[in-house]
Amino acid sequence: MFGKGILKGLGVTAKEAVSPRLTEKYPEEKPQLPARWRGGTFALDKEACISCGLCAMACPNKVIRQKFDKDENNKKFCTEFVMERQYCLFCGLCVEACPKSCLHLTQEFETAVYAAADVPQDLLAQSNMEQSLSKYGAKPPLPKPAPKPVVSAESSAKGGDA
């Protein structure tokens with residue numbers, strides 16, 4: 001039959017025209033990511049970390065750079081914990097290898113930076129377990145009001161006489 005393909009194409013178009021929209025309004029609304037979504041940034045619970053180095057050994061691309069030291073009680077602690085995210089596959093093997101579950105992948109996905117030096121993520125320098133890493137939707141701080149001039153008793157007396 002002549003025009004069978006056109007009718008089939010119009011049927012698909014009509015079906016899609018009445019179906020619900022799946023497009024998210026990204027800049028205005030933050031997308032709902034699945035709970036098991038992998039990507040973005042990492043978070044480290046510094047107090048729970050026992051500095052075993054298993055996460056660095058489990059990483060196939062050697063993304064994790066760690067340095068350890070010992071305190072007066074001969075207990076190891078981490079002095080440097082840097083993730084070279086530009087080489088990360090986001091496979092999650094480092095998270096699975098952690099025996100204390102102190103390394104986590106976050107729901108943060110806005111990781112674009114201007115300089116290559118800003119790509120490595122220092123997990124000891126940031127306190128990212130207490131708050132969300134996202135700056136999305138954050139309102140800019142209000143400007144501080146200008147301080148009011150202090151009027152001394154002498155200047156008010158001089159101004160009153162004039």
Side-chain angles (χ1 to χ4, degrees), residues 8-9 11-148:
K8 187 175 181 182
V12 170
T13 304
K15 185 176 86 172
E16 290 297 321
V18 296
S19 66
R21 303 289 181 250
L22 299 176
T23 305
E24 296 177 348
K25 299 176 182 175
Y26 166 62
E28 291 83 25
E29 299 174 10
K30 193 169 182 178
Q32 297 297 320
L33 299 173
R36 295 181 57 148
W37 181 78
R38 294 184 309 205
T41 59
F42 290 87
L44 176 70
D45 187 4
K46 296 175 242 182
E47 287 78 30
C49 183
I50 59 173
S51 303
C52 61
L54 290 176
C55 53
M57 287 187 276
C59 182
N61 284 358
K62 305 299 179 205
V63 170
I64 302 173
R65 185 174 70 234
Q66 292 178 313
K67 290 184 183 175
F68 305 111
D69 204 0
K70 291 187 178 184
D71 63 2
E72 61 274 354
N73 298 330
N74 207 19
K75 182 180 175 186
K76 279 175 69 174
F77 65 95
C78 194
T79 57
E80 181 183 37
F81 198 112
V82 177
M83 304 285 291
E84 300 283 344
R85 290 181 307 164
Q86 68 266 32
Y87 305 118
C88 187
L89 298 172
F90 298 103
C91 62
L93 291 175
C94 56
V95 175
E96 291 178 20
C98 185
K100 294 290 187 174
S101 299
C102 57
L103 187 63
H104 306 283
L105 279 163
T106 65
Q107 293 286 313
E108 179 66 32
F109 62 93
E110 298 167 333
T111 59
V113 293
Y114 288 106
D118 297 335
V119 174
Q121 181 184 8
D122 188 0
L123 296 179
L124 291 179
Q126 60 189 4
S127 58
N128 53 3
M129 289 298 288
E130 295 85 21
Q131 61 186 359
S132 172
L133 295 176
S134 178
K135 303 284 189 270
Y136 182 83
K139 295 180 181 175
L142 295 174
K144 293 182 180 179
K148 295 180 180 178

Return yes if some donor-acceptor pair links the side-chain N/O of [X] with the main-chain N/O of [Y] below 3.5 Å, else return no.
| X | Y | result |
| --- | --- | --- |
| Thr111 | Gly40 | no |
| Asp71 | Asn73 | yes |
| Asp69 | Thr79 | no |
| Thr106 | Thr41 | yes |
| Lys76 | Cys52 | no |

Compare every heavy atom of [Y] with every heavy atom of [X], then report the nearest pair and how far apart it is.
| X | Y | answer |
| --- | --- | --- |
| Cys78 | Phe68 | CA-CD2, 4.0 Å |
| Lys46 | Leu123 | CE-O, 4.1 Å |
| Gln107 | Leu33 | OE1-CB, 3.1 Å |
| Pro60 | Leu93 | CD-CD1, 4.1 Å |
| Leu103 | Cys55 | CD2-CB, 4.1 Å |
| Pro99 | Ile50 | CG-CD1, 4.1 Å |

Inset, instruction - Give every residue pair that meets the salt bridge (Lys or Arg N to Asp or Glu O under 4.0 Å) criterion with at least one member in residues 52-65, sequence neighbours excluded. - result: Arg65-Glu80, Arg65-Glu84

Inset, instruction - Rounded to the nearest 0.5 Å, what's the gap from CD on Gln121 to CD1 on Ile64? Could you check? - result: 10.5 Å

Legend entry - Distance, nearest 0.5 Å, that separates SG of Cys94 from CG of Leu105: 6.5 Å

Inset, instruction - Decide if atom CZ of Phe77 counts as having more than 12 heavy atoms of other residues, nucleotides or ligands within a radius under 6.0 Å. - result: yes

Legend entry - For Lys100, salt bridge (Lys or Arg N to Asp or Glu O under 4.0 Å) partners two or more places apart: none

Inset, instruction - May I ask you to check whether Phe81 and Phe42 place their ring centers less than 6.0 Å from one another? - result: no

Inset, instruction - Go through Leu44 and Cys102 one step at a time and tell me if the side-chain contact (heavy atoms from CB on, under 4.5 Å) criterion holds. - result: CA-CA 6 Å; Leu44 176 70; Cys102 57; 4.0 Å; yes

Inset, instruction - Would you please name every residue forming a ring pair (Phe, Tyr, Trp, His ring centres under 6.0 Å) with Phe90, sequence neighbours left out? - result: none

